Amino acid sequence: MPIKITDLEYVYGAGTPFAKHALKNINLTIEDGEFWGVIGHTGSGKSTLFSHLNALTRIQRGTIEIDEFKMVGNGGKKLKRKNRPDFKALRARVGMVFQYPEYQLFAETVAEDVAFGAKNVGIKGEELDGRVRAAIQTVGLDYNEVKDRSPFDLSGGQKRRVALAGVLAMHPKILVLDEPTAGLDPRGKKEILDLILRVKKELCHTVIMISHNMDEVARYCDKIAVMADGELKLTSTPAELFTQTDLLQSLHIEMPAVTALACELNARGCNVSRAVLTEEQLVQEILRAKGVAT
Ligand code: ADP
(Lines give C-alpha, C1' and ligand atoms only; values in the text may rest on other atoms or scores of the structure.)
Protein backbone atom coordinates (compact mmCIF):
# COMPACT_ATOMS: atom_id res chain seq x y z
CA MET A 1 0.00 0.00 0.00
CA PRO A 2 1.45 3.37 -0.93
CA ILE A 3 1.15 6.71 0.81
CA LYS A 4 -2.28 8.18 0.20
CA ILE A 5 -3.09 11.71 1.28
CA THR A 6 -6.71 12.76 0.89
CA ASP A 7 -8.22 16.25 1.28
CA LEU A 8 -5.52 17.35 3.72
CA GLU A 9 -5.90 20.85 5.18
CA TYR A 10 -3.77 22.55 7.80
CA VAL A 11 -4.13 25.91 9.54
CA TYR A 12 -1.49 27.31 11.94
CA GLY A 13 -2.98 29.38 14.75
CA ALA A 14 -6.54 28.45 13.79
CA GLY A 15 -9.12 30.76 15.35
CA THR A 16 -6.58 33.53 16.03
CA PRO A 17 -5.92 36.73 14.06
CA PHE A 18 -2.65 35.12 12.92
CA ALA A 19 -4.27 32.06 11.34
CA LYS A 20 -2.27 30.80 8.37
CA HIS A 21 -3.85 28.33 5.97
CA ALA A 22 -0.68 26.36 5.26
CA LEU A 23 -2.18 23.38 3.39
CA LYS A 24 -5.21 23.53 1.15
CA ASN A 25 -7.00 20.43 -0.07
CA ILE A 26 -3.94 18.29 -0.72
CA ASN A 27 -4.50 15.01 -2.55
CA LEU A 28 -1.42 12.95 -3.35
CA THR A 29 -0.60 9.29 -3.83
CA ILE A 30 2.97 8.07 -3.67
CA GLU A 31 3.56 4.52 -4.83
CA ASP A 32 6.03 2.12 -3.25
CA GLY A 33 9.48 2.41 -4.76
CA GLU A 34 9.17 5.93 -6.13
CA PHE A 35 11.67 8.75 -5.66
CA TRP A 36 9.73 12.02 -5.34
CA GLY A 37 11.14 15.50 -5.50
CA VAL A 38 9.08 18.22 -3.87
CA ILE A 39 9.68 21.76 -5.04
CA GLY A 40 8.14 25.12 -4.25
CA HIS A 41 9.17 28.43 -2.78
CA THR A 42 9.87 28.94 0.91
CA GLY A 43 6.56 29.09 2.77
CA SER A 44 4.65 27.05 0.17
CA GLY A 45 3.81 24.30 2.70
CA LYS A 46 6.37 21.57 1.89
CA SER A 47 7.60 21.02 5.45
CA THR A 48 4.11 21.21 6.93
CA LEU A 49 2.91 18.58 4.45
CA PHE A 50 5.70 16.10 5.07
CA SER A 51 5.87 16.53 8.84
CA HIS A 52 2.38 14.99 8.81
CA LEU A 53 3.78 11.70 7.52
CA ASN A 54 5.23 10.63 10.86
CA ALA A 55 2.67 12.55 12.91
CA LEU A 56 5.05 15.29 13.99
CA THR A 57 2.34 17.66 12.89
CA ARG A 58 -1.05 16.60 14.20
CA ILE A 59 -3.51 16.08 11.37
CA GLN A 60 -6.45 18.53 11.46
CA ARG A 61 -8.57 17.72 8.42
CA GLY A 62 -8.33 15.00 5.79
CA THR A 63 -6.85 11.51 5.83
CA ILE A 64 -3.38 10.06 5.54
CA GLU A 65 -2.82 6.38 4.87
CA ILE A 66 0.66 4.87 4.95
CA ASP A 67 0.80 1.10 4.60
CA GLU A 68 -1.38 -0.21 7.43
CA PHE A 69 -1.37 3.14 9.29
CA LYS A 70 -4.27 5.54 8.99
CA MET A 71 -4.71 9.01 10.44
CA VAL A 72 -8.02 10.81 10.20
CA GLY A 73 -8.23 14.49 11.07
CA ASN A 74 -10.31 15.49 14.04
CA GLY A 75 -10.41 19.26 13.68
CA GLY A 76 -6.99 19.57 15.36
CA LYS A 77 -8.06 17.80 18.55
CA LYS A 78 -6.09 14.86 19.84
CA LEU A 79 -6.89 11.86 17.67
CA LYS A 80 -9.37 9.34 19.02
CA ARG A 81 -7.84 5.94 19.61
CA LYS A 82 -9.52 4.42 16.55
CA ASN A 83 -8.16 7.22 14.35
CA ARG A 84 -4.67 7.07 15.77
CA PRO A 85 -1.96 4.73 14.60
CA ASP A 86 0.85 3.36 16.76
CA PHE A 87 3.09 6.44 16.53
CA LYS A 88 6.27 4.56 17.48
CA ALA A 89 5.74 2.04 14.72
CA LEU A 90 4.84 4.82 12.28
CA ARG A 91 8.00 6.76 13.14
CA ALA A 92 10.10 3.65 12.54
CA ARG A 93 8.42 3.24 9.15
CA VAL A 94 8.82 6.84 8.01
CA GLY A 95 12.33 8.18 8.55
CA MET A 96 12.63 11.97 8.62
CA VAL A 97 15.87 13.78 7.89
CA PHE A 98 15.42 17.46 8.66
CA GLN A 99 17.33 20.39 7.21
CA TYR A 100 20.86 20.60 8.59
CA PRO A 101 20.30 17.41 10.64
CA GLU A 102 23.86 17.64 11.98
CA TYR A 103 22.67 20.44 14.28
CA GLN A 104 20.62 17.84 16.13
CA LEU A 105 23.55 15.60 17.00
CA PHE A 106 23.98 15.57 20.75
CA ALA A 107 25.45 12.35 22.12
CA GLU A 108 29.00 11.87 23.38
CA THR A 109 29.90 9.30 20.75
CA VAL A 110 28.89 8.65 17.17
CA ALA A 111 27.64 5.15 18.06
CA GLU A 112 25.35 6.52 20.80
CA ASP A 113 23.98 9.17 18.51
CA VAL A 114 23.20 6.72 15.73
CA ALA A 115 21.55 4.36 18.22
CA PHE A 116 19.24 6.99 19.72
CA GLY A 117 16.24 6.79 17.36
CA ALA A 118 16.27 3.00 17.06
CA LYS A 119 16.49 2.69 20.86
CA ASN A 120 13.47 4.97 21.16
CA VAL A 121 11.39 2.68 19.00
CA GLY A 122 12.32 -0.29 21.18
CA ILE A 123 15.37 -1.86 19.51
CA LYS A 124 18.03 -3.08 21.96
CA GLY A 125 20.96 -5.41 22.59
CA GLU A 126 22.73 -7.13 19.73
CA GLU A 127 20.04 -6.12 17.27
CA LEU A 128 20.69 -2.46 18.11
CA ASP A 129 24.49 -2.84 17.91
CA GLY A 130 24.21 -4.57 14.55
CA ARG A 131 21.93 -1.88 13.17
CA VAL A 132 24.23 0.91 14.34
CA ARG A 133 27.28 -0.72 12.81
CA ALA A 134 25.47 -1.38 9.51
CA ALA A 135 24.01 2.15 9.33
CA ILE A 136 27.40 3.78 9.92
CA GLN A 137 28.92 1.66 7.19
CA THR A 138 26.03 2.32 4.82
CA VAL A 139 26.68 6.06 5.00
CA GLY A 140 30.30 5.45 4.04
CA LEU A 141 32.04 5.87 7.40
CA ASP A 142 34.41 3.37 9.01
CA TYR A 143 32.59 2.01 12.07
CA ASN A 144 35.72 1.19 14.07
CA GLU A 145 37.25 4.53 13.31
CA VAL A 146 34.29 6.72 14.23
CA LYS A 147 32.16 4.80 16.75
CA ASP A 148 33.83 6.20 19.87
CA ARG A 149 34.56 9.66 18.54
CA SER A 150 32.54 12.72 19.45
CA PRO A 151 30.24 13.62 16.55
CA PHE A 152 31.33 17.23 17.08
CA ASP A 153 34.90 16.39 16.04
CA LEU A 154 33.83 15.26 12.59
CA SER A 155 33.71 17.34 9.42
CA GLY A 156 30.41 18.91 8.30
CA GLY A 157 29.83 16.25 5.64
CA GLN A 158 30.63 13.43 8.09
CA LYS A 159 28.25 14.88 10.69
CA ARG A 160 25.45 14.91 8.14
CA ARG A 161 26.18 11.25 7.37
CA VAL A 162 26.03 10.38 11.07
CA ALA A 163 22.65 12.11 11.32
CA LEU A 164 21.41 10.12 8.31
CA ALA A 165 22.77 6.90 9.85
CA GLY A 166 20.67 7.58 12.96
CA VAL A 167 17.54 7.58 10.81
CA LEU A 168 18.61 4.52 8.80
CA ALA A 169 19.21 2.52 11.99
CA MET A 170 15.43 2.63 12.52
CA HIS A 171 15.07 0.70 9.23
CA PRO A 172 12.50 3.06 7.73
CA LYS A 173 10.75 1.90 4.61
CA ILE A 174 10.02 5.46 3.59
CA LEU A 175 12.66 8.17 3.81
CA VAL A 176 11.71 11.87 3.84
CA LEU A 177 14.57 14.36 3.44
CA ASP A 178 14.25 18.13 3.75
CA GLU A 179 16.94 19.69 1.56
CA PRO A 180 19.58 17.05 2.24
CA THR A 181 22.26 18.87 0.23
CA ALA A 182 21.75 22.38 1.69
CA GLY A 183 25.05 24.07 2.48
CA LEU A 184 27.29 21.37 0.96
CA ASP A 185 29.84 22.00 -1.79
CA PRO A 186 29.18 20.43 -5.22
CA ARG A 187 31.17 17.31 -4.42
CA GLY A 188 29.48 16.89 -1.03
CA LYS A 189 26.08 17.33 -2.72
CA LYS A 190 26.79 14.61 -5.25
CA GLU A 191 28.10 12.24 -2.59
CA ILE A 192 24.99 12.65 -0.45
CA LEU A 193 22.63 12.24 -3.41
CA ASP A 194 24.44 9.13 -4.63
CA LEU A 195 24.28 7.81 -1.09
CA ILE A 196 20.52 8.45 -0.97
CA LEU A 197 20.12 6.59 -4.25
CA ARG A 198 22.04 3.62 -2.83
CA VAL A 199 19.99 3.71 0.38
CA LYS A 200 16.85 3.71 -1.74
CA LYS A 201 17.97 0.56 -3.55
CA GLU A 202 19.17 -1.29 -0.48
CA LEU A 203 17.03 -0.11 2.45
CA CYS A 204 14.21 2.35 1.99
CA HIS A 205 12.27 1.79 -1.17
CA THR A 206 10.42 5.06 -1.22
CA VAL A 207 12.16 8.41 -0.97
CA ILE A 208 10.67 11.90 -0.77
CA MET A 209 13.12 14.76 -1.08
CA ILE A 210 12.31 18.43 -0.62
CA SER A 211 14.73 20.43 -2.76
CA HIS A 212 15.33 23.89 -4.17
CA ASN A 213 17.80 22.55 -6.69
CA MET A 214 16.20 21.79 -10.05
CA ASP A 215 19.29 19.98 -11.35
CA GLU A 216 19.07 17.57 -8.44
CA VAL A 217 15.40 16.75 -8.83
CA ALA A 218 15.79 16.43 -12.62
CA ARG A 219 18.62 13.95 -12.24
CA TYR A 220 17.51 11.88 -9.29
CA CYS A 221 13.71 11.90 -9.02
CA ASP A 222 11.05 9.85 -10.84
CA LYS A 223 8.24 12.22 -9.95
CA ILE A 224 7.94 15.84 -8.94
CA ALA A 225 5.33 17.58 -6.81
CA VAL A 226 5.07 21.35 -7.13
CA MET A 227 3.75 23.25 -4.10
CA ALA A 228 2.71 26.92 -4.11
CA ASP A 229 0.84 28.88 -1.47
CA GLY A 230 -0.31 25.78 0.41
CA GLU A 231 -1.59 24.03 -2.71
CA LEU A 232 -0.27 21.07 -4.61
CA LYS A 233 -0.14 22.71 -8.02
CA LEU A 234 0.80 19.65 -10.04
CA THR A 235 2.58 16.33 -10.10
CA SER A 236 4.65 15.32 -13.08
CA THR A 237 7.72 13.48 -14.28
CA PRO A 238 10.86 15.63 -14.57
CA ALA A 239 10.92 15.16 -18.35
CA GLU A 240 7.34 16.41 -18.73
CA LEU A 241 7.70 19.31 -16.32
CA PHE A 242 11.04 20.73 -17.39
CA THR A 243 10.25 20.85 -21.09
CA GLN A 244 7.18 23.07 -20.67
CA THR A 245 8.69 26.55 -20.72
CA ASP A 246 5.38 28.42 -20.31
CA LEU A 247 4.24 26.24 -17.43
CA LEU A 248 7.58 26.71 -15.66
CA GLN A 249 7.29 30.45 -16.06
CA SER A 250 3.75 30.54 -14.72
CA LEU A 251 4.83 28.51 -11.68
CA HIS A 252 8.02 30.59 -11.25
CA ILE A 253 10.16 27.46 -11.49
CA GLU A 254 13.64 27.57 -12.97
CA MET A 255 14.79 25.07 -15.54
CA PRO A 256 17.66 22.76 -14.62
CA ALA A 257 20.86 24.43 -15.90
CA VAL A 258 21.51 21.60 -18.33
CA THR A 259 17.99 21.80 -19.82
CA ALA A 260 18.36 25.58 -20.18
CA LEU A 261 21.64 25.01 -22.01
CA ALA A 262 20.00 22.52 -24.37
CA CYS A 263 17.21 25.04 -25.08
CA GLU A 264 19.79 27.75 -25.80
CA LEU A 265 21.74 25.50 -28.18
CA ASN A 266 18.48 24.53 -29.86
CA ALA A 267 17.45 28.19 -30.24
CA ARG A 268 20.82 28.93 -31.87
CA GLY A 269 20.28 26.26 -34.51
CA CYS A 270 22.04 23.28 -32.97
CA ASN A 271 19.69 20.36 -33.51
CA VAL A 272 19.69 18.98 -29.96
CA SER A 273 16.60 17.84 -28.11
CA ARG A 274 15.47 20.24 -25.39
CA ALA A 275 14.32 17.32 -23.25
CA VAL A 276 17.63 16.65 -21.55
CA LEU A 277 17.91 16.39 -17.78
CA THR A 278 21.52 15.40 -17.19
CA GLU A 279 24.96 16.38 -18.47
CA GLU A 280 25.43 12.91 -19.97
CA GLN A 281 22.22 13.26 -22.00
CA LEU A 282 23.33 16.66 -23.28
CA VAL A 283 26.72 15.31 -24.35
CA GLN A 284 24.97 12.50 -26.21
CA GLU A 285 22.65 14.98 -27.92
CA ILE A 286 25.51 17.25 -29.01
CA LEU A 287 27.48 14.30 -30.37
CA ARG A 288 24.38 13.05 -32.21
CA ALA A 289 23.73 16.52 -33.66
CA LYS A 290 27.34 16.69 -34.88
CA GLY A 291 27.07 13.22 -36.39
CA VAL A 292 29.71 11.75 -34.10
CA ALA A 293 29.06 8.04 -33.48
CA THR A 294 29.08 7.09 -29.79
P1 ADP B 1 8.01 25.43 3.25
O2 ADP B 1 8.46 24.14 3.88
O3 ADP B 1 7.54 25.25 1.84
O4 ADP B 1 9.00 26.52 3.38
P5 ADP B 1 6.22 25.63 5.54
O6 ADP B 1 5.44 24.37 5.59
O7 ADP B 1 7.38 25.76 6.47
O8 ADP B 1 6.68 25.90 4.04
O9 ADP B 1 5.27 26.88 5.83
C10 ADP B 1 4.01 27.04 5.21
C11 ADP B 1 3.35 28.29 5.76
O12 ADP B 1 3.04 28.12 7.14
C13 ADP B 1 4.25 29.55 5.69
O14 ADP B 1 3.44 30.66 5.42
C15 ADP B 1 4.82 29.64 7.08
O16 ADP B 1 5.12 30.98 7.42
C17 ADP B 1 3.69 29.10 7.93
N18 ADP B 1 4.21 28.42 9.14
C19 ADP B 1 5.09 27.43 9.20
N20 ADP B 1 5.32 27.03 10.48
C21 ADP B 1 4.55 27.83 11.24
C22 ADP B 1 4.32 27.91 12.64
N23 ADP B 1 4.94 27.11 13.51
N24 ADP B 1 3.44 28.86 13.07
C25 ADP B 1 2.79 29.68 12.21
N26 ADP B 1 2.95 29.64 10.87
C27 ADP B 1 3.81 28.72 10.39
Side-chain angles (χ1 to χ4, degrees), residues 3-28 30 35-64 66 71 73-79 87 90-91 94-104 160 163-164 167 174-184 189 192-193 196 206-218 220-221 223-236 238 241-242 247-254 256:
I3 299 172
K4 191 162 182 236
I5 299 172
T6 313
D7 300 333
L8 187 68
E9 303 268 335
Y10 193 82
V11 180
Y12 285 103
T16 73
F18 309 105
K20 171 75 201 173
H21 204 161
L23 295 178
K24 300 169 191 164
N25 193 31
I26 306 283
N27 288 282
L28 175 65
I30 292 180
F35 191 155
W36 278 76
V38 183
I39 62 177
H41 293 285
T42 302
S44 57
K46 305 181 295 298
S47 309
T48 306
L49 175 56
F50 292 102
S51 62
H52 275 86
L53 294 187
N54 73 349
L56 266 181
T57 295
R58 185 189 290 164
I59 186 167
Q60 292 177 343
R61 273 182 213 296
T63 309
I64 298 177
I66 302 170
M71 290 178 273
N74 187 24
K77 291 202 258 334
K78 215 169 164 188
L79 297 186
F87 285 141
L90 176 65
R91 286 179 183 142
V94 183
M96 299 286 257
V97 181
F98 297 101
Q99 265 183 52
Y100 295 96
E102 58 275 22
Y103 293 160
Q104 286 160 24
R160 192 163 297 186
L164 179 58
V167 175
I174 298 163
L175 188 63
V176 182
L177 304 126
D178 195 348
E179 293 203 57
T181 63
L184 298 178
K189 281 191 202 308
I192 284 281
L193 289 165
I196 292 166
T206 308
V207 174
I208 301 165
M209 175 172 80
I210 296 175
S211 175
H212 279 118
N213 185 316
M214 297 308 120
D215 294 272
E216 279 177 16
V217 291
Y220 288 90
C221 300
K223 295 274 183 66
I224 297 184
V226 182
M227 298 280 299
D229 198 21
E231 291 175 35
L232 178 60
K233 288 290 179 190
L234 64 89
T235 59
S236 172
L241 176 66
F242 290 126
L247 178 64
L248 291 176
Q249 261 174 9
S250 69
L251 293 168
H252 306 287
I253 297 171
E254 270 180 47

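All values derive from a computational prediction rather than experimental measurement. Order of listing sets the numbers, starting from 1, for every ligand and every atom in it.
- Relative to the ring axis of Tyr100, Arg160 places its NZ or CZ within 45° and under 6.0 Å from the centre.
- Using a 4.5 Å heavy-atom threshold, the side chains of Leu193 and Met209 count as touching.
- Applying the side-chain hydrogen bond (donor to acceptor under 3.5 Å, both in side chains) test to Thr206 and every residue at least two apart in sequence or in another chain returns nothing.
- Within the structure, salt bridge (Lys or Arg N to Asp or Glu O under 4.0 Å) contacts touching residues 7-28 (residues at least two apart or in different chains) are Lys24-Asp229.
- Residues passing the ring-ring contact (aromatic ring centres under 6.0 Å, His included) test with Phe87, sequence neighbours excluded: none.
- Between the side chain of His41 and the main chain of His252, a donor-acceptor pair closer than 3.5 Å is present.
- Enumerated by chain and number, the residues approaching ligand 1 to less than 4.0 Å through a heavy atom are Tyr12, Lys20, Ala22, His41, Thr42, Gly43, Ser44, Gly45, Lys46, Ser47, Thr48.
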